[in-house]
Amino acid sequence: RSIVRNKYPRSKREIIVVDDGSVDNTSEIIKQYKDAYGVKNLTVISQEQLGKAHALNRGIIEHARGELVMCLDSDSYLSNDGLKRAAFYFEDKKVVAMAANVKIIPNPTLLNLIQRFEYIISYQMKRAQTFFNIEYIIGGIGSTFRRRVLEKVGYYDGDTITEDIDLTMKLVQLDNKDNRLVYGADVVAYTESVLNISGLLRQRYRWKWGRSQTFLKNINLF
């Protein structure tokens, strides 16, 4: 819904949903939504569960036709002007990737409040990373890329558990002077918080282990 309602020309927008082996009737719900509201340029792909990297690659390689590609997660949505604002950054021909400003959807719990403040602080730091041209994480939610550059680096790899960091480091390998990676503070996306401490620990372990895998894979950059 957030993409359908975005303030962006419908003729220049395509929505690609990859159902990676879900068991919650996702594909059928989306098809019903498409028919009920007459949504144009909406493609639904169903496949056996092969992982996020494979799902993203299939959607991009087989179906994306636009010059720019934005990725969203299933627990996230985009602000009403997100597409327009994201596209603006690519007026600069050196920009090949843009990280969105991700905010936590509020709920009345202490753990949610802590994560909301954490995201505010960490994403403010990304302003400095763009200023000094040292951005190295274009996170999955609302991340936007030039499709030709994704093709050049071979799209997402499936050999680390943080495919977004891995892809970003592949872009850094191109050089980050003529291929800039930036943070779009005004491109706002929203995502759900982790609901309990055990879930938070699993999430952070995955993030840190995946980053370590990616650093080892790109050790030549150091």
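Only this structure's heavy atoms are used, side chains among them; waters, hydrogens and symmetry mates stay out.
- Residue pairs that meet the salt bridge (charged side-chain N to carboxylate O under 4.0 Å, His left out) test with at least one member in residues 118-144, sequence neighbours left out, are E118-R204, K126-E135.
- Using a 4.5 Å heavy-atom cutoff, the side chains of S193 and R116 are not in contact.
- Once rounded to the nearest 0.5 Å, the distance linking CZ of F145 with CD of E151 reads 15.0 Å.
- Residues E28 and Q32 meet the side-chain proximity criterion, which asks for heavy atoms closer than 4.5 Å.
- No side-chain donor-acceptor contact under 3.5 Å links T26 and D19.
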task: Take R211 and Y136 through the test side-chain contact (heavy atoms from CB on, under 4.5 Å) and record every step on the way to the result.
output: CA-CA 11 Å; R211 190 180 312 195; Y136 72 98; 3.0 Å; yes

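- A salt bridge between E67 and R146 is present, with a side-chain N of the basic residue lying under 4.0 Å from a carboxylate O of the acidic one.
- Side-chain atoms of L167 and L150, non-hydrogen and from C-beta on, do get closer than 4.5 Å to each other.
- Under the 4.5 Å side-chain criterion, counting only non-hydrogen atoms from C-beta, N179 is not in contact with L171.
- Sorted by first and then second residue, the pairs that involve residues 97-110 and meet side chain to side chain donor-acceptor pair (under 3.5 Å), not counting sequence neighbours, are N101-Y183, N107-T109.
- Annotation: side chain of D157 is in contact with side chain of K217 (closest heavy-atom distance under 4.5 Å).
- Taking the side chain as every heavy atom from C-beta outward, Y123 and V102 approach each other to under 4.5 Å.
- Cluster annotation: L56 is not connected to M70 through the hydrophobic network of ILVMFWY side chains, with a link wherever side-chain heavy atoms come within less than 4.5 Å.
- Side chain of D166 to main chain of T214: no donor-acceptor pair is present (N/O by atom type, distance under 3.5 Å, no hydrogens or angles).
- For the pair I165 and T160, the minimum side-chain heavy-atom distance is 4.5 Å or more.
- Side-chain polar atoms of Y89 and R180 form no donor-acceptor pair below 3.5 angstrom.
- A salt bridge links D73 with K52; the closest basic N to acidic carboxylate O contact falls under 4.0 Å.
- Atom CD of residue E163 and atom OH of residue Y156 lie 7.0 Å apart, to the nearest 0.5 angstrom.
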message: Walk me through whether I105 and D75 qualify under side-chain contact (heavy atoms from CB on, under 4.5 Å).
response: CA-CA 10 Å; I105 303 167; D75 60 352; over 6 Å; no

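- Between the side chain of T168 and the main chain of I138, a donor-acceptor pair closer than 3.5 Å is present.
- A heavy-atom distance below 4.5 Å is found between the side chains of M169 and F215.
- Cluster membership for Y77 and V17, using ILVMFWY side-chain heavy atoms within less than 4.5 angstrom, is not shared.
- Hydrophobic clustering of Ile, Leu, Val, Met, Phe, Trp and Tyr side chains at less than 4.5 Å, counting indirect connections, unites L221 with L174.
- Between the side chain of K34 and the main chain of T43, no donor-acceptor pair closer than 3.5 Å is present.
- The aromatic rings of Y205 and W209 sit parallel to each other, their planes meeting at less than 30°, with 60° as the upper class boundary.
- Considering OH of Y155 and NE2 of H54, their distance stands at 13.5 Å, rounded to 0.5 Å.
- Evaluated for a side chain to side chain contact (heavy atoms under 4.5 Å, CB included) with I15, the options V4, N41, V44, N6 yield exactly one hit, V4.
- Taking a 4.5 Å side-chain heavy-atom cut-off between Ile, Leu, Val, Met, Phe, Trp and Tyr, the cluster of L200 extends to L111, V194, I197, L201.
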